Amino acid sequence: MSKNCLITGAAGFIGSHLTDKLLAQGHSVLGVDNMVLGKRANITIALQSSNFIFQELDINDLKAFREFLQAQTKGQPVDVVWHLAANSDIQAGGANPDIDLERTFLTTYNTLKLMQEFKIPQIVFASTSAIYGELAGALTEKSGPLHPISNYGAMKLASEGIITAALERFLKQAWIYRFPNVVGSRATHGAIYDFLKKLKKNPAELEVLGDGSQEKPYLHVGELVDAMTFLYQNQQNRLNVFNISPDNSASTVRFMAEATVRLAAPGAKIRYTGGSKGWVGDVSKFQYSIEKLKSAGWKPHLTSNETVELAIKENLANLN
Ligand SMILES: NC(=O)c1ccc[n+]([C@@H]2O[C@H](COP(=O)([O-])OP(=O)(O)OC[C@H]3O[C@@H](n4cnc5c(N)ncnc54)[C@H](O)[C@@H]3O)[C@@H](O)[C@H]2O)c1
């Protein structure tokens with residue numbers, strides 16, 4: 001059944017791919033983004049659809065957000081909010097905690113506020129592995145205690161909390177997806193994006209933060225939006241929490257750096273800055289269990305290393 005969807009962060013990396021996916025499935029999409037990291041180029045194709053309306057606005061400007069919803073939902077109320085707007089630059093949030101308070105937590109708080117006002121019954125939330133902190137072993141949805149080590153992870157965990165609290169008040173259903181590292185075309189940030197930018201500037205040498213031993217799962221954005229929409233259609237509990245990730249695989253930063261050099265600047269020297277962490281708040285190693293995801297009927301196709309290589313090629317094509 002076709003739905004009227006609102007996507008926050010619609011011009012961002014994942015938000016723009018989700019916009020394309022929902023439009024292709026026949027849904028109507030309202031998109032908002034303040035363009036702090038979002039790019040109009042990401043939604044060029046979507047803007048050609050008569051089922052897509054986009055407005056540049058800041059979610060924390062409640063007046064502007066309310067006026068947009070009032071104007072656009074007269075004939076057709078919003079069925080579901082896909083809430084993706086957040087600060088995705090974890091290092092920036094470490095240096096200035098206000099960034100994650102405003103862009104990661106208050107965007108969720110204010111989105112829920114207007115959802116109550118406009119009687120929108122469902123939210124799908126882009127959460128993260130960062131809420132788990134530095135727990136050992138394969139992380140399941142029940143792992144804990146949850147002690148994030150970055151302001152970003154803390155504000156995402158607080159966002160999950162305010163969503164589950166809203167389920168007690170007015171919200172009918174919530175889907176909370178905890179993404180790993182997501183890569184692919186239109187990336188606005190991340191290690192591959194940084195490596196390619198650095199190599200463009202200096203094709204002779206690549207500086208890599210840490211010692212290269214950091215190891216995490218990487219998921220392709222195409223697989224991610226497929227899983228997000230699949231679970232939304234097929235999981236109908238009041239609260240649906242899922243880790244989404246490649247199966248039993250992860251990639252080291254060393255693999256990523258070597259693959260980027262091989263594909264983008266053969267012969268470049270790799271210089272590691274040293275230390276086991278890339279930056280303050282970086283969870284340097286984690287593994288995900290996706291048993292719950294597989295039981296729900298969705299399986300990834302690519303391994304983490306295959307994903308990384310594909311993303312490097314896609315980002316390289318974007319860069320040129
Ligand atoms: N990319 C990843 O690896 C990853 C991993 C885990 C979780 N996530 C989450 O997925 C979501 C999308 O991430 P992404 O990688 O596409 O990042 P992104 O930065 O490309 O997308 C976020 C978008 O939100 C917008 N935004 C930020 N603050 C806003 C505000 N106040 N009002 C309106 N728009 C605002 C930005 O301009 C940006 O376009 C985020 O919630 C992020 O935390 C991403």
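These figures come from a predicted structure and were not determined experimentally. Both backbone and side-chain heavy atoms feed into the values below; hydrogens, waters and symmetry mates do not.
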| query | Could you walk me through whether Ser213 and Asp211 pass the side chain to side chain donor-acceptor pair (under 3.5 Å) check? | reply | CA-CA 6 Å; Ser213 67; Asp211 59 8; 2.6 Å; yes
| Does NZ or CZ of Lys292 lie under 6.0 Å from the centre of the six-membered ring of Phe242, at an angle within 45° of the ring axis? | yes
| Residues Trp82, Tyr232; criterion ring pair (Phe, Tyr, Trp, His ring centres under 6.0 Å); working and verdict | CA-CA 10 Å; Trp82 297 75; Tyr232 173 68; 5.1 Å; yes
| task | List the steps and the verdict of side-chain contact (heavy atoms from CB on, under 4.5 Å) for Val124 and Leu84. | result | CA-CA 9 Å; Val124 184; Leu84 277 76; over 6 Å; no
| message | Can you confirm whether the side chains of Glu306 and His301 place a donor and an acceptor under 3.5 Å from each other? | response | no
| request: Report yes if the side chains of Pro180 and Thr128 come closer than 4.5 Å at any heavy-atom pair, otherwise no. | output: no
| request: Taking all heavy atoms of His27 and all of Cys5, pick out the closest pair and write down the distance. | output: CB-SG, 4.0 Å
| Does a donor on one side chain and an acceptor on the other come within less than 3.5 Å for Asp79 and Asn4? | no
| Has the side chain of Gln214 got a donor or acceptor atom that lies under 3.5 Å from a matching backbone atom of Gly212? | yes
| query | Does Lys313 come within less than 4.0 Å of Glu309, counting only side-chain N to carboxylate O? | reply | no
| said: I'd like to know if the side chain of Glu141 and the backbone of Asn243 have a donor-acceptor N/O pair within less than 3.5 Å. | reply: yes
| said: Looking only at the side chains, is there a donor atom on one of Ser16 and Arg186 sitting less than 3.5 Å from an acceptor on the other? | reply: yes
| query | Which heavy atom in Phe195 sits nearest to a heavy atom in Val253, and how many Å separate them? | reply | CZ-CG1, 4.2 Å
| query | Cut-off 3.5 Å, side chains only: do Ser127 and Glu160 have a donor facing an acceptor? | reply | yes
| query | Going by atom types only, do Ser159 and Thr108 share a side-chain donor-acceptor pair under 3.5 Å? | reply | yes
| said: When you measure from the side chain of Asn237 to the backbone of Asn240, do you find a donor-acceptor pair of N or O atoms at a distance under 3.5 Å? | reply: no
| query | Going by distance alone, is a donor N or O of one side chain under 3.5 Å from an acceptor N or O of the other, for Asp226 and Trp298? | reply | yes
| query | Relative to Phe125, does Arg178 satisfy both conditions: NZ or CZ under 6.0 angstrom from the six-membered ring centre, and within 45 degrees of the ring's axis? | reply | no
| field | Full working for side chain to side chain donor-acceptor pair (under 3.5 Å) between His220 and Thr307 | value | CA-CA 6 Å; His220 192 267; Thr307 299; over 6 Å; no
| query | What is the ring orientation for Phe286 with Tyr288, classed by angle as parallel under 30°, tilted 30 to 60°, or perpendicular over 60°? | reply | perpendicular
| query | With distance as the sole criterion, is a donor-acceptor pair present between the side chains of Thr8 and His83 under 3.5 Å? | reply | yes
| Does one side chain, of Asn305 or Ser251, offer a donor that lies under 3.5 Å from an acceptor on the other? | yes
